[in-house]
Protein chains: 2
Amino acid sequence: MTATHAPDPGLSLRERKKLRTREALIGTALDLFSERGFDGATLDDLCEAVEVSKRTFFRNFTSKEDVVMAPTQDMWMAFTEELDRRAPDGGTLLEFLQDALLAAVDRMNDQDWPTRVRLSRRLAARTPSMDAHGLHFCDCTIRTSLATLHHRLAFDDPRDPRPRLALDLLVAATRCAMETWVDLPREPGRTAFAGELRAAFAAIPSTVTLPATPRGTAPGGSD
Amino acid sequence: MTATHAPDPGLSLRERKKLRTREALIGTALDLFSERGFDGATLDDLCEAVEVSKRTFFRNFTSKEDVVMAPTQDMWMAFTEELDRRAPDGGTLLEFLQDALLAAVDRMNDQDWPTRVRLSRRLAARTPSMDAHGLHFCDCTIRTSLATLHHRLAFDDPRDPRPRLALDLLVAATRCAMETWVDLPREPGRTAFAGELRAAFAAIPSTVTLPATPRGTAPGGSD
DNA sequence: TCAATTGTGCCACTCAGTGGCAAAAACCTA
DNA sequence: TAGGTTTTTGCCACTGAGTGGCACAATTGA
């Protein structure tokens, strides 16, 4: 934990240093907040631990919540990039979106991305303001992606709500998958996460036709 | 605007007074923030306008964002109540949820509910923290409703993600409908909102099969 | 009229987040 | 290696959201 990642070469010393303090802030924040709770540690505590001024913190992150959500946000940013790059292969829009997300997960090859996401999600589960921040980021991702879709794909009606619903569905399934994956025993890595994603995606089509059966209706069928 | 609602009779004087300051806070907050921006007016400004101490404000609302989201939250609370009350009629789960929401909208018979929702949503659209708060409340609604569904309906597998996906779909469609309804010319009331809801609901089924057609693919079909 | 209850006002306090400016580190050129 | 330029950081003071405590006022019920 709090591993000092060797930033990619090919960057100037300045850029590497900046990346390193950014990583240090993320790692230390996850450790600190996981141990003492999100409200149990102040920003000053965090900055002191990383030996950085509060001013510097806010040059790297927009809020106290933001630093903890960085791992998940990285994934969603990779997703929007994939949407821009990949060519649709003749399948449905939902399949296109799912492929893009799986490709994005595949790019999260930082060795402790899974650990960080787990810590992050567990914190979010018991910190309303963090969860709200995460949801808002997802919503921003949806809007950005929607613009990309309209730019790259052809829809009959520019006001058709279905592309947007498809994106919402993708995000919902992802959150579903992540929730179960986070608490999986033995804490498996991103391959297992991809598996949960596929399972959640597979459940989508029959969601629409799922019947509402009252509880207590015997299989025999009286009532 | 800032209409002094006559609180329901049958309440003690204390309760009526409390409701009245609550309503005054909501109405004044919407006016104040709409005019000067959410960040352009402080809580102290609001409290001074309503002639109430800041301490009292926080006994009625959890945050500055919360007071502005009250109108929409009322609707979602009515929705969860409807879920508890209504009996499924043999249709799909999604239809059951949609009926419950339409019934909830039907209960929003306060004469200036539409105006308040409009002001509220327009503020949220340009205030990230407000939007985040609203999304988080929706998420809480989903969790509450999911528990209700599992309590009242019979599902094969308690871990089946589909009920949750159905709720997410409902919320997404609702947000869609609200977004278009808010900016409708002539600012029609909740009947028009119900219409937008039905339209968004109708788009759900074919969302799953919507093809991803690359832009520029001529109808003739060369490429 | 007198308790008990409950909502309110006031005050001081913590902490997130911002703006400005000066110092330092890194970069580039000669 | 010395120069000036640019970027990043540290420091400091400030605003404003949100909390806790306690005394006071209003409603309620007897």
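A, B, ... follow the sequence lines: proteins, then strands. Residue 1 opens every chain.
- Residue B:R126 places its CZ atom among more than 12 non-hydrogen atoms of other residues, nucleotides or ligands, all under 6.0 Å distant.
- Pair check for C:dC28 finds none; no Watson-Crick or G-U wobble contact set falls under 3.5 Å.
- Residues B:K64 and B:R59 both approach DNA chain D. Their nearest nucleotides, taken by heavy-atom distance, put B:K64 toward the 5′ side.
- A donor N or O paired with an acceptor N or O is found under 3.5 Å between the base of D:dG21 and the side-chain atoms of B:R55.
- A donor atom on one side chain and an acceptor atom on the other are found under 3.5 Å apart for A:S53 and A:T56.
- Contacts of residues 44-52 of chain B with DNA chain D (heavy atom under 4.0 Å): none.
- B:R121 places no side-chain N or O within donor-acceptor distance of the main-chain N or O of B:R116, the cut-off being under 3.5 Å.
- At a threshold of 4.5 Å between non-hydrogen side-chain atoms, the residues B:F96 and B:L83 count as touching.
- For the pair A:D39 CG and D:dT19 P, the interatomic distance rounds to 10 Å; values are reported in whole Å.
- Rounded to whole angstrom, the span from the CZ atom of A:F58 across to the C1' atom of D:dG10 amounts to 15 Å.
- The nucleotide D:dC22 finds its pairing partner in C:dG9, both defining distances of the Watson-Crick or G-U wobble pair being shorter than 3.5 Å.
- When each of A:F38 and B:K54 is assigned the nucleotide of DNA chain C bearing its nearest heavy atom, the one mapping closer to the 5' terminus is B:K54.
- A 6.0 Å sphere centred on CD of B:E187 holds more than 12 heavy atoms belonging to other residues, nucleotides or ligands.
- A straight line from CZ of A:R22 to P of D:dT7 spans 20 Å, rounded to a whole angstrom.
- Boundaries of the chain B contact region on DNA chain C are C:dT5 to C:dC10, first to last in 5' to 3' order (nucleotide atom under 4.0 Å from a heavy atom).
- Within the structure, every side-chain polar atom (N or O) of A:S53 is placed at least 4.0 Å from both OP1 and OP2 of D:dC11.
- At distances below 3.5 Å, at least one donor-acceptor pair connects side-chain atoms of B:T42 with backbone N or O atoms of B:D45.
- Distance A:R20 CZ to D:dT8 P: 16 Å, rounded to the nearest Å.
- By the 4.5 Å heavy-atom criterion applied to side chains, A:D74 and A:R107 are not counted as neighbours.
- The separation between B:E65 atom CD and D:dG18 atom C1' is 11 Å, rounded to whole Å.
- Across the protein-nucleic acid pair, B:L43 atom CG and D:dG18 atom C1' stand 9 Å apart, rounded to whole Å.
- Atom C1' of nucleotide D:dT19 and atom CG of B:D66 are separated by 16 Å, given to the nearest angstrom.
- At least one side-chain nitrogen or oxygen of B:K17 sits closer than 4.0 Å to the OP1 or OP2 atom of D:dT27.
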Point to revise | Evaluation steps, salt bridge (charged side-chain N to carboxylate O under 4.0 Å, His left out), between A:D139 and B:R175 | key: CA-CA 11 Å; A:D139 196 60; B:R175 288 175 54 84; 3.6 Å; yes

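- Annotation: side chain of B:V117 is in contact with side chain of B:W181 (closest heavy-atom distance under 4.5 Å).
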